[in-house]
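All residue numbers in this chain count up from 1 along the given sequence. Keep in mind that this is a model prediction, so the values were computed, not measured. These numbers come from the heavy atoms of this one structure, side chains and all, not from hydrogens, waters or symmetry mates. Each ligand, and each atom within it, is numbered from 1 in the order the structure gives.
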Amino acid sequence: MSPETSSVDTAEVAKFEAMAAEWWDPEGKFKPLHMMNPVRLDYIARQIAAEFGRDLKAPRPFEGLRLLDIGCGGGLLSEPMARLGAKVVGADAAERNIPVARVHAEAQDLPIDYRHTTAEALVAGGESFDVVLAMEIVEHVADPAAFVATCHALLSPGGLMIASTINRNAKSFMAAIVGAEWVMRWLPKGTHDWAKFITPEELTGMIARAGLDPVDRKGFVFNPVSWQWSISDRDLSVNYVAAGVRR
Ligand SMILES: C[S@@+](CC[C@H](N)C(=O)[O-])C[C@H]1O[C@@H](n2cnc3c(N)ncnc32)[C@H](O)[C@@H]1O
Ligand SMILES: [Mg+2]
């Protein structure tokens, strides 16, 4: 990994190195991601199916698609994408995540190519993908706009990028920092830096300036009464996702 041109914010990656053993514990430090997983998987699957004309009722609808899960962590998304038939590369800058992800995928007999690397290094290696997932990573990189541009460079023409992050406003401070870290203690204090959160307008701007066509944007909304996550067309006030296509 070349530090000069790197998307890596060393302090951010160190936080994930420290939590690597907990990836697959639904009650552990990644509990919020486990809780969100069904809803975000549903979103991702439908976006990919729509963009590439795939039928989600087929046994392996993403057969033939090459997918990069950048900032894959323990592989919470890489695994279901591989199960849907995609050829998955999972890449993460935190070295300790890789063996955790590998051991888990091997136990499920899923052939996922996990690598300790960065998006920049993949570009330098001449790699390209039909789909790039950048889920819950843009708020942890050194330069989000440069990172989105790198994701664009990793896409083949017609390729789809899906990126999720957290909005930056008073409500997201209450929900993602006070609620998730201080009150619920789902995440260790300091996991998120509010100042690194990104508004949907900022993310859409980065996507467009990178040369991607911003094709969709939705909210992921947690309802503390029903204890359920859902997808929303209107409420992007805390967690949200955006999709862009390289034409
Ligand atoms: C909040 S986790 C999200 C994991 C996974 N994408 C998911 O949604 O389940 C963010 C991940 O991004 C990784 N990461 C942070 N900065 C990175 C960078 N510059 N390049 C690659 N991975 C990075 C971290 O090590 C961590 O595993
Ligand atoms: Mg995060």
Side-chain atoms of residues 222-231: list all donor-acceptor pairs with protein atoms under 3.5 Å, sequence neighbours left out, distances to 0.1 Å.
from: N223; atom 1: OD1; to: V225; atom 2: N; distance (Å): 2.7
from: N223; atom 1: OD1; to: S226; atom 2: N; distance (Å): 3.1
from: S226; atom 1: OG; to: Q228; atom 2: N; distance (Å): 3.4

Report the nearest protein non-hydrogen atom to [atom]: residue, atom name, distance rounded to 0.1 Å.
atom                    : value
atom 2 (S) of ligand 1  : F16 CE2, 3.5 Å
atom 10 (C) of ligand 1 : E136 O, 3.4 Å
atom 20 (N) of ligand 1 : A93 CB, 3.6 Å
atom 5 (C) of ligand 1  : G71 O, 3.2 Å
atom 25 (O) of ligand 1 : D92 OD1, 2.6 Å

Per-atom contacts of ligand 1 with [X], taking only distances under 4.0 Å to non-hydrogen atoms:
X    : answer
V141 : 19 (N)
W23  : 2 (S), 4 (C), 27 (O)
I137 : 12 (O), 14 (N), 17 (C), 21 (C), 22 (N), 23 (C)
G73  : 27 (O)
S7   : 18 (C), 19 (N), 20 (N)
V8   : 19 (N)

Let me check something: do [X] and [Y] share a hydrophobic cluster, defined by ILVMFWY side-chain heavy atoms less than 4.5 Å apart, either directly or through other members?
X    : Y    : result
V241 : M36  : yes
V39  : I48  : yes
L67  : Y114 : yes
L154 : M135 : no

Which one holds for [X] and ligand 1: side chain close, backbone close, both close, or neither close, with close meaning a heavy atom under 4.0 Å?
X   : value
N97 : side chain
R40 : side chain
V13 : side chain

**Report entry** Nitrogen or oxygen of D9 less than 3.5 angstrom from that of ligand 1
**Finding:** no

Requested in this report: Before signing off on this row, confirm whether T118 and ligand 1 have an N or O atom pair separated by under 3.5 Å.
Outcome: no

Report task. Decide salt bridge (charged side-chain N to carboxylate O under 4.0 Å, His left out) for R115 and E127; before the verdict, give the C-alpha distance in whole Å, the side-chain angles of both, and the deciding distance to 0.1 Å. Result -> CA-CA 13 Å; R115 305 186 201 171; E127 306 253 358; 2.8 Å; yes

Does a side-chain N-to-carboxylate-O contact under 4.0 Å join [X] and [Y]?
X    : Y    : result
D9   : K196 : yes
K31  : E22  : no
R217 : E201 : yes
R168 : E202 : yes
D130 : R66  : no

Requested in this report: Quick one: name the protein N/O/S atoms under 2.8 Å from the Mg ion (ligand 2), chain by chain.
Outcome: E139 OE2, H140 NE2, H192 NE2

Can you give the donor-acceptor pairs under 3.5 Å from side chains of residues 183-191 to other protein atoms, not counting sequence neighbours?
from: T191; atom 1: OG1; to: P188; atom 2: O; distance (Å): 2.6

Query - Side-chain H-bond candidate by donor/acceptor type, R40 with S164, under 3.5 Å - result: no

**Report entry** For R54, side chain to side chain contact (heavy atoms under 4.5 Å, CB included) partners two or more places apart
**Finding:** A49, F52, P61, F62, L65

